[in-house]
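Here the structure is laid out as structure tokens; the discussion comes afterwards.
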Amino acid sequence: MRNFHHDQARFARKPTLKDWLLRNEDWYIYRYIRHLRCVEYYEGRNRLLFLWHFFRYKRLGFMLHFTIYPGTVGPGLRIYHVGGFIHVGPNVRIGRNCTLLPGVVFGNRHERHDGCRVTVGDNCYFGLGAKVFGNVRIGDNVTVGANAVVTKDIPDNAVVGGVPARVIRIKAE
């Protein structure tokens with residue numbers, strides 16, 4: 001549950017009862033991340049609580065079009081909007097303070113799972129519709145532009161964009 005407190009700190013404010021009554025997207029995103037973190041926490045500890053949170057996590061995932069496997073995303077996850085499909089597969093490891101916009105997909109190069117690993121560093125930002133395919137390592141403090149398709153390794157402090165993604169510039173420290 002420690003990871004959830006880091007996620008909660010990245011929200012501008014905790015959603016309230018009013019947000020639930022008005023069906024604001026912030027409430028749904030907040031609850032999805034909360035249940036994801038509870039599934040990670042209770043797995044192997046308390047079967048009943050694990051099943052309850054897993055059920056809620058899956059229902060919200062179907063409703064929001066999110067598929068984020070437990071144990072793949074580090075603390076400080078931020079999802080800004082509901083819209084396009086977000087997929088973070090079991091072969092992905094994402095560091096701290098990652099921001100995902102709608103349409104971000106981490107996937108395989110081929111139809112069948114080929115065992116490739118995607119590793120993303122800390123403080124990364126993925127723009128609208130960004131895709132990451134294949135065996136890729138993305139460094140720390142990387143910004144991936146909208147609709148970029150990443151197929152090769154990205155160094156630290158880079159801004160990338162395009163199809164296929166190329167380094168546009170290196171950020172100043």
Side-chain angles (χ1 to χ4, degrees), residues 1-7 10 29 32-45 50 53-54 57-58 60-62 64-171 173:
M1 293 300 294
R2 191 176 73 215
N3 287 346
F4 178 67
H5 297 295
H6 292 287
D7 299 331
R10 293 200 63 202
I29 294 169
Y32 179 80
I33 293 172
R34 180 177 177 273
H35 288 298
L36 170 68
R37 297 306 184 189
C38 287
V39 165
E40 293 171 353
Y41 180 78
Y42 288 119
E43 187 173 16
R45 294 180 190 214
F50 169 79
H53 289 290
F54 185 76
Y57 150 77
K58 292 302 270 185
L60 283 169
F62 287 131
L64 300 174
H65 305 290
F66 293 169
T67 302
I68 301 174
Y69 281 77
T72 58
V73 181
L77 172 65
R78 183 69 168 110
I79 300 171
Y80 276 106
H81 299 290
V82 175
F85 182 71
I86 294 179
H87 180 80
V88 179
N91 60 331
V92 179
R93 295 295 172 260
I94 298 177
R96 303 172 64 86
N97 301 326
C98 179
T99 301
L100 302 175
L101 267 60
V104 175
V105 174
F106 294 88
N108 302 322
R109 284 183 186 234
H110 307 289
E111 198 173 319
R112 290 188 301 145
H113 179 65
D114 53 5
C116 65
R117 309 260 317 151
V118 176
T119 306
V120 178
D122 297 338
N123 304 315
C124 290
Y125 177 90
F126 290 89
L128 186 71
K131 311 290 187 252
V132 180
F133 296 125
N135 198 13
V136 176
R137 187 201 173 281
I138 298 174
D140 295 338
N141 303 316
V142 172
T143 301
V144 179
N147 295 318
V149 178
V150 178
T151 58
K152 295 181 181 169
D153 292 351
I154 305 295
D156 291 349
N157 301 316
V159 176
V160 298
V163 179
R166 291 186 289 281
V167 176
I168 297 172
R169 68 181 172 92
I170 301 294
K171 298 177 192 175
E173 295 284 328

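Everything numeric in this text was worked out from a predicted model, so none of it was measured.
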[Y] and [X], any side-chain heavy atoms less than 4.5 Å apart:
X    : Y    : result
V149 : F133 : yes
R93  : V118 : no
Y32  : I68  : yes
P102 : V82  : no
L36  : P70  : yes

Residues passing the side-chain hydrogen bond (donor to acceptor under 3.5 Å, both in side chains) test with N123, sequence neighbours excluded, are N97, N141
By side-chain hydrogen bond (donor to acceptor under 3.5 Å, both in side chains), H53 pairs with (sequence neighbours left out) H35
In Å, rounded to the nearest 0.5 Å, how long is the span from [atom1] of [X] to [atom2] of [Y]?
X   : Y   : atom1 : atom2 : value
F50 : E43 : CZ    : CD    : 5.0 Å
L60 : I29 : CG    : CD1   : 10.5 Å
I79 : T99 : CD1   : OG1   : 9.5 Å

When every non-hydrogen atom of G127 is compared with those of V104, the smallest separation belongs to O-CG2, 3.5 Å
For residues 80-89, the side-chain hydrogen bond (donor to acceptor under 3.5 Å, both in side chains) pairs (sequence neighbours left out) are E25-H81
Taking [X] for its side chain and [Y] for its backbone only, find out whether a donor-acceptor pair lies under 3.5 Å.
X    : Y    : value
R166 : G162 : no
D153 : R137 : yes
E40  : G71  : yes
N135 : R117 : yes

Passes side chain to side chain contact (heavy atoms under 4.5 Å, CB included), V105 versus I86? Steps please. CA-CA 6 Å; V105 174; I86 294 179; over 6 Å; no
**Prompt:** Does the side chain to side chain donor-acceptor pair (under 3.5 Å) test come out yes or no for K131 and T151, once each step is laid out?
**Reply:** CA-CA 9 Å; K131 311 290 187 252; T151 58; over 6 Å; no
Practice prompt. Please state whether the rings of F54 and Y57 are parallel, tilted or perpendicular, taking 30° and 60° as the class boundaries.
Written response: tilted
Step through it carefully: locate the ring centre of F126, locate the ring centre of F106, and say whether they are under 6.0 Å apart. yes
In D140, V73, D122, the residue satisfying side-chain contact (heavy atoms from CB on, under 4.5 Å) with R96 is D122
message = Please tell me whether Y41 and R37 have a donor and an acceptor in their side chains that are separated by less than 3.5 angstrom.
response = no
